[in-house]
Every structure is written in C-alpha cells, then in structure tokens.
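To start, the structure itself, in structure tokens.
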Amino acid sequence: IGRWLGNRQVEKEIGYPVYNDPETRWIVLDGTGFLTYRESGHIDCLYVEPGERMKGNAAQMVSMALAALAGSVMNASG
C-alpha cells in the first residue's frame, strides 16, 4: 500500500488523502489497486491504476469486500 499512501496523484483522483487506521480493512490487488472499507459496510476508497482500469479490477475488489463482510455477518450471527 506504500505506493498509494501519500501519493499526490492518487489523492487528486480520489479527492482526499488515503489514511490507515485501526478500523480500516484493505483489499489490495498487487500492482493494480486497492479498496478500503469498514466493518459497517462503508467503502472508504477505491483506486485502480490507470493502465489497469476497465479490466474488472474494481468489480473484483468490491466483490471481495462484500464476501468478507458477508463472512463477518455470518460469524457474528452464529
């Protein structure tokens, strides 16, 4: 995630700086992009490198986040 944290171009495209905190969950596609979300189901950030866009990478990360959240709900309910 180091290449994206504090990156001015990423901040410009997303519209705000990317931070990490204890509540943040990360999904990283190596060299492709990242998605951050919270256990509440809120997606904080989604970024895909320009050369990797329109290849299904964003959809893949969203699907991964939804699967992780579904697992959390299933674990919490028993």
Side-chain angles (χ1 to χ4, degrees):
I1 62 175
R3 67 189 278 174
W4 297 302
L5 288 174
N7 183 306
R8 291 181 193 273
Q9 184 61 37
V10 171
E11 182 178 336
K12 181 179 176 183
E13 288 190 41
I14 293 175
Y16 49 87
V18 179
Y19 294 105
N20 188 27
D21 59 50
E23 293 82 36
T24 302
R25 305 293 178 257
W26 290 80
I27 293 175
V28 177
L29 292 181
D30 191 37
T32 299
F34 68 90
L35 178 146
T36 63
Y37 69 97
R38 299 180 184 271
E39 291 295 323
S40 66
H42 176 80
I43 292 176
D44 292 322
C45 298
L46 173 60
Y47 180 78
V48 177
E49 290 284 339
E52 298 298 325
R53 295 176 184 167
M54 305 302 293
K55 297 180 180 180
N57 293 309
Q60 180 182 357
M61 288 188 285
V62 169
S63 292
M64 293 168 73
L66 292 174
L69 288 165
S72 295
V73 170
M74 293 299 287
N75 289 333
S77 65

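FYI, side chains are in, hydrogens and waters are out, and symmetry mates aren't considered; it's all heavy atoms of this structure.
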If you compare all heavy atoms of Val28 against all heavy atoms of Trp4, which two are closest, and at what distance to 0.1 Å?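 So the two residues come closest at CG1-CZ3, 3.7 Å.
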If you look only at distance, which donor and acceptor atoms sit under 3.5 Å apart when one is on a side chain in residues 55-69 and the other is two or more places apart or in another chain?
residue: Lys55; atom: NZ; partner: Gly51; partner atom: O; Å: 3.1
residue: Asn57; atom: ND2; partner: Glu52; partner atom: O; Å: 2.7
residue: Ser63; atom: OG; partner: Ala59; partner atom: O; Å: 3.1

Check whether Val48 and Met54 end up in the same hydrophobic cluster, where Ile, Leu, Val, Met, Phe, Trp and Tyr are linked by side-chain heavy atoms less than 4.5 Å apart.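 No: no chain of side-chain contacts under 4.5 Å links Val48 to Met54.
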Measure the shortest side-chain to side-chain distance between Asn20 and Trp26 over non-hydrogen atoms and say whether it is less than 4.5 angstrom.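 Yes, close enough: below the 4.5 Å cut-off.
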Test of understanding: with salt bridge (charged side-chain N to carboxylate O under 4.0 Å, His left out), list the residues that count as partners of Asp30, not counting sequence neighbours. none
Interatomic spacing from SG in Cys45 to OH in Tyr19 - rounded to 0.5 Å: 10.5 Å
Nearest 0.5 angstrom please: Tyr47 OH to Thr36 OG1, how far? 14.0 Å
Holding to side chain to side chain donor-acceptor pair (under 3.5 Å), I want the full list of residues that pass it with Arg3, two or more places apart in sequence or in another chain.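 So Arg3 forms a side chain to side chain donor-acceptor pair (under 3.5 Å) with Glu49.
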Donor-acceptor contacts under 3.5 Å from residues 8-15 side chains, at least two apart:
residue: Gln9; atom: NE2; partner: Glu13; partner atom: OE2; Å: 3.3
residue: Glu13; atom: OE1; partner: Arg53; partner atom: NH1; Å: 3.2
residue: Glu13; atom: OE1; partner: Arg53; partner atom: NH2; Å: 2.3

List in chain and number order the residues that pass side chain to side chain contact (heavy atoms under 4.5 Å, CB included) with Arg38, two or more places apart in sequence or in another chain; answer none if no residue qualifies. Asp21, Glu23, Thr24, Ser40, Asp44
